[in-house]
Amino acid sequence: MPAPIRKAVFPVAGLGTRFLPATKAVPKEMLTVVDRPLIQYVVDEARAAGIEHLIFVTGRNKHVIDDHFDIAYELEATLRARGKHGALKLLEELRPTAGTVSFTRQQEPLGLGHAVWCARELVGAEPFAVLLPDVLVKAERGCLAQMIEAYNERGGNVIAVEEVPKDQTHNYGVVDVAEGDGPFFDVRDMVEKPAPGTAPSNLIITGRYILQPEVFGLLEAQETGAGGEIQLTDALLSLMKSQSMTGVQFDGKTYDCGSKSGFLAANVAYALDRPDLADELKPVLRELLDAR
Ligand code: G1P
């Protein structure tokens with residue numbers, strides 16, 4: 001069995017300019033899908049996969065993320081005094097144990113690769129996961145848990161991949177995979193945000209990674225790539241020269257909450273899954289759609 005994946009890195013330093021003015025004072029990771037912030041979904045996915053230590057790479061203006069994963073004394077005391085035990089229990093269940101959350105800052109917006117590199121001292125010399133909070137994967141078994149299954153079988157590095165329409169590949173990291181007959185593939189090549197019409201396939205990187213710590217050395221030396229940023233994908237391409245890279249085509253539906261339409265779709269999909277909301281929401285949605 002390869003070394004266990006105990007730590008997960010959440011890059012949350014982005015400015016969220018696509019969601020202005022909502023993100024002027026509120027970090028985009030705190031935008032809500034139904035009644036919980038985006039970051040809570042990915043943290044829950046990580047914890048369900050057995051992650052013990054959460055590492056947030058933050059930036060200025062992100063204090064509410066720290067607060068969200070802390071005790072809210074005043075609020076919780078008030079809930080207690082009012083006998084709101086359900087709400088209190090929910091907050092307690094979602095709160096990570098003291099000492100299992102770390103924060104570090106990406107001081108400059110130099111790209112995803114640089115953000116991950118900023119976590120090097122907190123991760124140390126062990127394999128780790130990276131989850132991008134923009135991407136929600138709605139699945140019976142969490143995407144990271146499915147990837148850990150692949151990792152336990154194959155070791156090395158593992159990325160989540162999925163098919164998108166060809167005309168969308170330029171928005172993502174795109175991989176080329178060897179023929180395989182299961183949900184796991186050997187990744188042969190990858191490119192970050194290929195120009196339209198040049199992608200090696202329509203399989204994109206979904207925003208979930210299991211990486212070996214050697215990636216940090218490569219990120220340190222990584223030159224800027226697509227968009228003038230230090231790209232994680234470029235460092236992974238170098239890493240593949242000496243280590244295995246497995247692509248996992250996971251079961252589940254992805255919502256790219258970095259885009260407004262993906263974010264809105266996530267809200268509808270997660271709400272329709274909620275017994276306390278679905279019955280009320282369905283006729284409203286039908287009416288709205290019928291009127292178009
Ligand atoms: C990042 C990664 C990209 C990946 C995408 C998934 O891009 O660089 O490889 O496909 O996340 O959402 P970003 O969305 O930060 O531009």
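Just so it is clear, the model here is predicted, and its values are computed rather than measured. Indexing begins at 1, ligand by ligand and atom by atom, following the structure's order.
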ask   = Would you call D44 and R36 a salt bridge, taking side-chain N to carboxylate O under 4.0 Å as the test?
value = yes
request  = Output yes when R47 and E93 qualify as a salt bridge under the 4.0 Å nitrogen-oxygen rule, no when they do not.
outcome  = no
ask   = Do any pairs count as a salt bridge (charged side-chain N to carboxylate O under 4.0 Å, His left out) and have a residue in residues 251-273, sequence neighbours left out, and if so which ones?
value = K138-D273
task = Give the contacting part of D134 toward ligand 1: side chain, backbone, both or neither, where contact means a heavy-atom distance below 4.0 Å.
result = neither
inquiry  = Hydrogens and angles aside, do Q243 and E214 bring a side-chain donor and acceptor to less than 3.5 Å of each other?
reply    = yes
key: L112: numbered ligand 1 atoms lying under 4.0 Å from its heavy atoms   = 2 (C), 8 (O)
request  = Compute the centroid of each ring, for Y270 and then for Y41, and state whether the two points are separated by less than 6.0 Å.
outcome  = yes
note = Taking only non-hydrogen atoms of T233 and a 4.0 Å limit, the atoms of ligand 1 in range are 9 (O)
request  = Could you check atom 6 (C) of ligand 1 against the protein and tell me its nearest heavy-atom contact, residue, atom and distance included?
outcome  = I205 O, 3.5 Å
key: Minimum-distance protein heavy atom relative to atom 8 (O) of ligand 1   = E192 OE2, 2.8 Å
task = Answer yes or no for V135: is there a heavy-atom contact with ligand 1 below 4.0 Å?
result = yes
query = Any side-chain donor-acceptor pair under 3.5 Å between T100 and E52?
reply = no
message = Looking at non-hydrogen atoms alone, which of L132, V175, I204 comes nearest to atom 1 (C) of ligand 1?
response = L132
ask   = Can you find a protein heavy atom under 4.0 Å from atom 16 (O) of ligand 1?
value = yes
key: atom 13 (P) of ligand 1: nearest protein contact (heavy atom, Å)   = K193 NZ, 3.6 Å
query = Between the side chains of Q40 and H68, does any donor sit under 3.5 Å from an acceptor?
reply = yes
ask   = Of all the heavy atoms in L232, does at least one lie under 4.0 Å from an atom in ligand 1?
value = no
